[in-house]
Amino acid sequence: MRTVNVRRRTLLGSGAAAMALAGSMSLAAAAPHPSPPSKPKPHLAAGPAGTEDIVTCDLIAQKPNYSGGVVTGVGGIDNCTPHRPDACTTEAELWIWMPYEQQWAPAGSPGKNTACPPPRRTAPSSQKCHESSSYPKYGYKIITTGTIVYGSSHDSGHTQSDVLYLRCV
C-alpha cells in the first residue's frame with residue numbers, strides 16, 4: 001500500500017469532508033501502470049486546532065482475490081487511536097489494468113462505509129469475470145479513499161493494494 005495524497009484542513013461546513021473525499025478520488029484514477037505499489041500503511045490524523053488531542057487511523061486496501069468467477073477486493077479504516085473519530089467515510093473501488101489500452105479503469109461498483117472503527121470497518125468491491133488462457137493478464141487492485149473527522153478538523157487520503165494478475169476479464 002502507498003500514500004498517494006493526504007490532506008489536512010479545518011472543517012468549514014458539513015460538506016467539506018465530502019468535497020475533500022471527492023477531490024482525492026480524482027487522483028486515484030491517475031495510476032500510470034500496473035506495477036505493485038510500495039508497502040507503507042498510510043495514516044490519517046485529525047484533531048481540534050491548538051490541542052494535542054489527535055486521533056490517528058490506518059487506511060487499508062487489501063489485495064483482491066479471485067474465487068468462483070468473481071474478483072473481490074476490500075478496503076477501509078482500522079486501528080484508530082487513542083479513540084474513535086467523530087465521523088469516518090471510506091470508499092473501496094476495484095480497478096482493472098487494461099493491457100491493450102495501457103491504462104487503469106474502474107471495474108466494480110465502489111463499496112462504501114460511514115462507520116468508524118473499532119472494529120475494523122471495511123467496504124467490498126467486486127466484479128464477475130470470464131477466465132480464458134487466450135486472454136492476456138489483466139491486473140486488479142483496490143483503491144481505498146477515506147476521511148476521518150475529529151473536533152474541527154479532518155484528514156483525507158487514499159491508498160492502493162498490491163495487484164492481482166489474472167487471465168480473466
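Positions are given from 1 along the sequence.
V71 and P64 make their closest contact through CG1-CB, 4.0 Å (heavy atoms, listed as atom of the first residue, atom of the second, distance). Closest non-hydrogen pair, S125 versus L94, comes out as OG-N, 3.1 Å. Annotation for A45 and I54: closest pair CB-CG2, 3.9 Å, computed over non-hydrogen atoms. Contact record, V149 with P85: O-CB, 3.4 Å, taken as the closest heavy-atom pair. Annotation for V70 and S126: closest pair CG1-CB, 3.9 Å, computed over non-hydrogen atoms. What you find for G139 and Y165 is that their closest heavy atoms are CA-CD2, 3.8 Å.
Remark: the backbone N or O of G47 is paired with a side-chain donor or acceptor of S153 at under 3.5 angstrom. Judged purely by atom type and a 3.5 angstrom limit, R167 has no side-chain atom pairing as donor or acceptor with the backbone of S132. A donor-acceptor pair is defined here as one N or O able to donate and one able to accept, closer than 3.5 Å; no such pair exists between the side chain of N113 and the backbone of T90. Proximity of a side-chain donor or acceptor of D155 to a complementary backbone N or O of A46 within less than 3.5 Å is not detected.
Residues W97 and W104 meet the side-chain proximity criterion, which asks for heavy atoms closer than 4.5 Å. Side-chain contact between Y138 and P99 is present, with at least one heavy-atom pair separated by less than 4.5 Å. The side-chain heavy atoms of C129 and V169, taken from C-beta on, include no pair separated by under 4.5 Å. Under the 4.5 Å side-chain criterion, counting only non-hydrogen atoms from C-beta, S161 is not in contact with Q62. Within the 4.5 Å cutoff, no side-chain heavy atoms of T147 are placed close to those of L44. The shortest distance between side-chain heavy atoms of C116 and C80 does not fall below 4.5 Å. In this structure, the side chains of I77 and L59 come closer than 4.5 Å at one or more pairs of heavy atoms. Looking at E131 and Y66, their side chains come closer than 4.5 Å, going by heavy atoms from C-beta outward.
Remark: R120 engages D78 in a salt bridge, criterion side-chain N to carboxylate O under 4.0 Å.
There is no path of hydrophobic side-chain contacts, each under 4.5 Å, that joins L166 to W95. The hydrophobic clustering, which links ILVMFWY residues whose side-chain heavy atoms are closer than 4.5 Å, places I60 and I142 apart.
Few gaps surround NE2 on H83; more than 12 heavy atoms of other groups in view lie less than 6.0 Å from it.
We find the CD-OG distance between E91 and S109 to be 10.0 Å, quoted to the nearest 0.5 Å. Going from atom OH of Y140 over to atom NZ of K63 covers 14.0 Å, rounded to the nearest 0.5 Å. Annotation: the span from T145 atom OG1 to Q160 atom CD amounts to 10.5 Å, rounded to 0.5 Å.
If you check the side chains of T56 and T81, you find a donor sitting under 3.5 Å from an acceptor. A donor and an acceptor atom, one from each side chain of Y150 and D53, are located under 3.5 Å apart.
Every side-chain contact (heavy atoms from CB on, under 4.5 Å) that P118 has, sequence neighbours left out, goes to R84.
Applying side chain to side chain contact (heavy atoms under 4.5 Å, CB included) to K141 and the options V163, D162, I96 leaves one that passes, V163.
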